[in-house]
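A quick write-up on the structure given underneath.
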Amino acid sequence: MKQTELSIVWKQTLGKVQESLNKDACKKWLKPCQPISLDDNTFTLGTPNDFFKEWIKGRYVPLIEAALTDITGSRRALQLQTIDIPLAEPVREDTPHMEKPIQDTLIKEDTPSMGTSSGESLYGTSEIAPGDASTLNPRYTFENFVMGKSNQMAHAAAMGVAESPGLRYNPFFLLGGVGLGKTHLMHAIGNRILASFPDRRVLYVSSEDFTNQLILAIRGGTQEVFRQRYRTIDVLLIDDIQFLAGKEGTQEEFFHTFNTLFNAQKQIIISSDRPPKELGELQERLISRFTSGLTADIQAPDLETRVAILKKKAQLDRLQVPDDVMVYIASRIDSNIRELEGALTRAVAFSSLTKQTITVDVAAEALKNIFPGGNDKPLTIELIQEVVAGFYKVKMEDLSAKKRTRQIAFPRQIAMYLCRELMDASLPQIGQAFGGRDHSTVIHACEKIAKEQEKDRGLQADISKIKERLERA
Amino acid sequence: MKFTCTRKEILEALQIVGKAVAYKPQNPILSGIYLKADNEMLDMQATDYELGLTAKIPVAVEEPGEALLMGRYLQEVVRRLPGEQVVFTLNKEEKILHITSDKAKFTLLSMDPKEFPTIQHFDGTLEFTIKNIAFANTIKKTVFSCSTDETRPVFTGCYLEVAEDNLIMAATNTHRLAVKTDFLDKDCGSIKIIIPSKALNEILHIISTDKPGDVRVICSANKLSIFFENIYLTTRLIEGSYPDYNKVVPASFATTVTLNIEELTQAVDRVSLISRVSEYNVIRLSFTEGNLHISSNNPEIGNAEEDVTARLEGPEVNIAFNAKYITDVLKVMDAEECTISLNQSLNPIAIRDGDDKTFIYVVTPVRTTH
C-alpha cells in the first residue's frame with residue numbers, strides 16, 4: 001500500500017478515535033505516531049519511543065482497532081513498533097514523510113545598509129530637534145488645568161519647573177493616582193518651556209514607549225541612535241515610571257540616561273502613581289535619585305475643584321449645563337477626572353438624544369449605570385465614619401483623634417477597612433481622613449480586620465450590618 | 001452647516017478618505033470623518049496619525065460650517081441612501097447631523113469638530129511631479145513584496161530613492177526583492193526614505209485611474225504627501241536603515257529561460273492547487289531544453305504536473321519555490337514574455353518583465369529533501 005493511502009487511513013482512524021477520546025490525550029499520545037504498514041491482518045503503528053508504546057498498549061489499543069475496523073471495513077490487529085521519531089519536532093501532519101522545506105534568506109542580518117535613511121519612525125527613535133513639540137499634546141496647558149486645594153502644590157512646583165528648567169527642582173517627581181492630571185501637568189510643563197525657550201529640545205515619553213524603543217534599538221543594533229536621542233535633549237518628561245518595575249535592562253539604560261542628563265543640568269520630570277519609596281521593584285539607586293529633587297503629589301480633587309473642572313470642560317466644549325447638574329455629577333464621582341468628564345459628556349449626549357433639557361433627574365437617569373451601587377448618597381469616607389461611629393456608639397471625632405483605647409481603635413480599624421474595601425480609596429487618603437495617620441497604619445487595620453473577620457462570625461455579622469446601613473444611608 | 005451634493009460623488013470621496021479612519025483609535029476623535037463646507041466646496045478629512053487623507057468635492061453650500069461624524073456610520077449611511085441627491089444639515093445646538101435623500105432620513109450624532117487634528121500641508125525638502133500611470137506602475141511592481149511582519153518595521157515599507165532624475169523603489173520581505181527604476185522629467189535632488197506599504201497601497205488605489213494626470217509628491221525626512229486631482233494624502237515614514245539590496249542581486253547567471261507569462265501563470269496556478277494548503281506551498285520547476293516541467297505533491301491530497309514551452313539557454317536546472325512568490329510577480333507584469341535567470345538549484349533567481357531593464361525581481365528557492 002502506498003504511503004499516501006496509508007497516511008489517509010491513519011488520519012481517518014485518528015479522527016474516529018478522537019470522537020471517543022479526549023482531545024488532549026489524542027494530541028499528546030497518538031498524533032506523534034506514524035503508520036508503518038497496513039496488510040490484510042495487521043496495522044503497524046510506529047511510536048516515538050518505548051514509553052509511548054507501553055502507554056498506548058495499556059490504554060488505546062481496543063479503541064484504535066475498533067476505529068480501524070470502521071474505516072477499512074475489515075478487522076485488523078494493531079501492532080506497535082518503536083521507531084525513532086524526534087519528539088521535539090513532531091512530524092507535521094500534512095507532510096508525514098517530508099522534511100520541512102527551508103526558504104533561503106535573501107537579505108540577511110549582515111547585509112550592509114544603504115546609508116541611513118533618516119525619518120521619524122512610527123516608533124520614534126530619531127533625534128529631537130530644538131523646539132520640536134511633536135511629542136507634546138498641545139491641548140494640555142497650564143491655562144486649562146483646574147487648580148484646587150488638592151493639586152495646588154503640584155501646580156505651583158510645575159510652574160516653577162517650567163519657568164527655569166533644570167535649575168530649581170530637578171528631578172521633579174509628580175505623584176498621583178489614575179486620572180488626576182499627572183500627564184496634563186507634564187505636557188503643560190513641556191508646552192510652557194517650549195513657549196518660553198523655543199530652542200530647547202523637549203521630549204515626552206511614556207515608560208512603556210521608552211522600553212519598546214529600547215527593545216527595537218537592541219534588535220536593530222541601533223542602541224547608539226537610541227542613546228543619542230535621549231542624551232541630547234534638554235527636558236525629559238517620562239510618564240508612569242512604575243512601568244519600569246521589574247524591567248532590569250530598561251532600568252539600567254534609564255539610569256545612565258538619567259545620570260547623563262542630570263549631570264548636564266537638564267530638567268527631568270517623572271510621574272508615577274506611587275511614591276518613589278513604594279516602587280519596590282525599582283533599583284535602589286534609581287529610587288534614591290528620584291527622591292533627590294522635589295516630589296509633589298496630586299490628591300483627588302475636592303468637591304469645589306471637581307465642579308470647577310466640569311465648568312471648564314463645559315466651557316471648552318461649549319455645553320450648556322446648569323450648575324446643580326454639575327454639582328450633582330461632581331458629588332457622585334470623586335476620584336478620577338477622566339470619569340468625571342466622561343460622565344458630563346454622557347449626561348449631555350443623553351439629554352440631546354432624548355431631547356430633554358438637562359436637569360438633575362435627566363443626569364441621574366443617564367448615569368445610573370455608572371454610579372456604583374446606585375444609592376442616593378455618594379459613598380464618602382465621612383459617611384463611612386459616621387455610620388461606623390453610630391453603629392459602635394462612639395463619637396465620630398474620636399475616630400480621627402489620637403486616642404488608642406480598644407473601644408475607639410477597633411471601630412476605627414473597621415472604618416478604615418470599609419473605606420478600603422467599598423471605596424477603593426488610596427491608603428494615604430484614608431490615613432489622612434483618620435487624623436493624619438500613616439498609610440502603614442491603614443494597611444495594618446485592613447489586614448487585621450480581614451483576618452479577624454474570617455474567624456469571627458460576630459464581626460462578620462457586624463460588618464454586613466454596617467454595610468446595609470451604608471446602603472440605606 | 002447645510003449643503004447638497006450628489007450621492008455618487010460624496011460616496012466616492014468618503015470611501016477614499018475612510019481608509020484613514022482609525023478603527024481602534026486611542027482617541028475617539030480619530031474614528032471620525034471631518035467635514036467642512038465652504039466656498040461651494042466640501043472638504044472631507046480623516047487621519048489615524050500615521051496616514052491622513054483629504055478629499056474635496058464641489059457641493060451646493062447653503063450655510064458654511066464644519067462637523068465631525070463617526071466615520072463608519074457616515075460611510076455606511078451614504079452608501080445605502082436611495083436618492084441621487086443628498087442634503088446634509090447640521091443642527092449646531094444639538095450637535096446632530098441630518099441626512100436626507102429621497103424618502104430616507106438619518107440623524108447622526110456628531111463630535112466636536114474643533115478637536116479634530118485637521119490635516120496640514122507641509123513644506124518638504126524634495127518635491128517631484130510624475131505621471132499617475134508611471135507612478136502607479138512603480139508602486140504596483142514593488143509594494144507586493146513587502147513584509148507584513150511588524151517586528152522588523154523597515155521591511156513593511158518600500159524604499160524610495162530619488163537621485164537627480166532617477167527614481168528607484170524597492171521592496172523586500174528578506175526572501176524576495178522587487179526593484180523598479182523610473183525617470184523623472186528633471187533633476188529633483190536626492191532623498192532616501194521608507195514609505196509604509198499601507199500608505200502606498202492607498203496611493204496606488206487613488207492614482208489608478210484611466211485618465212492620465214500628474215501626481216505631485218512632497219517628501220521630508222519624516223513625512224511624505226501626494227496631491228492627485230481632488231485628493232491629498234500624507235503619511236509618516238518608517239525610520240531605519242534599509243539594506244543594500246544591490247548586494248543580493250546575483251552578478252551573473254548561467255541559465256536564462258524565456259517563457260510566455262500567461263501560460264506560466266496558469267500552469268503555476270493549477271499545479272499549486274495541490275501545494276497551496278501547506279504553509280510552504282512548494283512547487284518544483286525542472287528547466288530542460290525547450291520545456292519547463294512544473295510539479296507539486298501533497299501526501300494528503302495528491303500530485304499535479306504540467307509542462308510549459310520554454311526557450312532555454314545554458315545548463316538545465318531543477319529548483320523548487322514557494323508558488324506564491326512566483327505568482328505574485330507574474331500578476332504585476334505587463335509584457336508577453338518573461339525571462340527567468342538561474343544559477344544552481346540553491347541560488348537565488350531573477351525574473352524580468354520581457355526586455356524591461358528597469359524592473360527586476362529576485363527570489364530565493366526553497367530547499368527540500370526531494
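Reminder, nothing fancy here: chain letters follow the sequence lines and each chain counts from 1.
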Inset, instruction - Could you check which of B:K114, B:E161, B:E115 has the highest count of heavy-atom pairs closer than 4.5 Å to chain A? - result: B:E115
Legend entry - Residues, nucleotides or ligands: over 12 heavy atoms within 6.0 Å of B:F122 CZ: yes
Inset, instruction - Output, in order, the C-alpha distance, side-chain angles, deciding distance and verdict of salt bridge (charged side-chain N to carboxylate O under 4.0 Å, His left out) for B:D328 and B:R176. - result: CA-CA 11 Å; B:D328 277 355; B:R176 56 158 167 201; 2.9 Å; yes
Inset, instruction - Under 4.5 Å heavy-atom distance to chain A, tell me which part of B:V248 shows up: side chain, backbone, both or neither. - result: both
Inset, instruction - Indicate yes or no for a side-chain donor-acceptor contact from B:T172 to the backbone of B:T174 under 3.5 Å, with no hydrogens or angles considered. - result: yes
Legend entry - Segment of B:V154 engaging chain A (4.5 angstrom heavy-atom cut-off): neither
Legend entry - Interface moiety of A:L353 toward chain B, non-hydrogen atoms closer than 4.5 Å: side chain
Legend entry - Contacting moiety of B:E93, where chain A heavy atoms sit under 4.5 Å: neither
Inset, instruction - Let me know if B:Y325 has heavy atoms under 4.5 Å from chain A in its side chain, its backbone, both or neither. - result: side chain
Legend entry - Residue B:L109 versus chain A: region with a heavy atom under 4.5 Å: side chain
Legend entry - Toward chain A, the part of B:F321 with a non-hydrogen atom under 4.5 Å: neither
Legend entry - Main-chain N/O of B:Q344 paired with B:N347 side-chain donor or acceptor, under 3.5 Å: yes
Inset, instruction - Measure distances from A:I8 to the heavy atoms of chain B and classify the residue's part below 4.5 Å as side chain, backbone, both or neither. - result: side chain
Inset, instruction - Heavy-atom distances under 4.5 Å only: say whether B:T151 touches chain A with side chain, backbone, both or neither. - result: both
Inset, instruction - Quick one: pull up CG in A:N212 and OG in A:S206 and give me the separation to the nearest 0.5 Å. - result: 7.5 Å
Legend entry - Positive for side-chain contact (heavy atoms from CB on, under 4.5 Å) with B:I351, one of B:L342, B:V362, B:I326: B:I326
Inset, instruction - Quickly, which of A:K312, A:H184, A:R139 forms a side chain to side chain donor-acceptor pair (under 3.5 Å) with A:N144? Name it, please. - result: A:H184
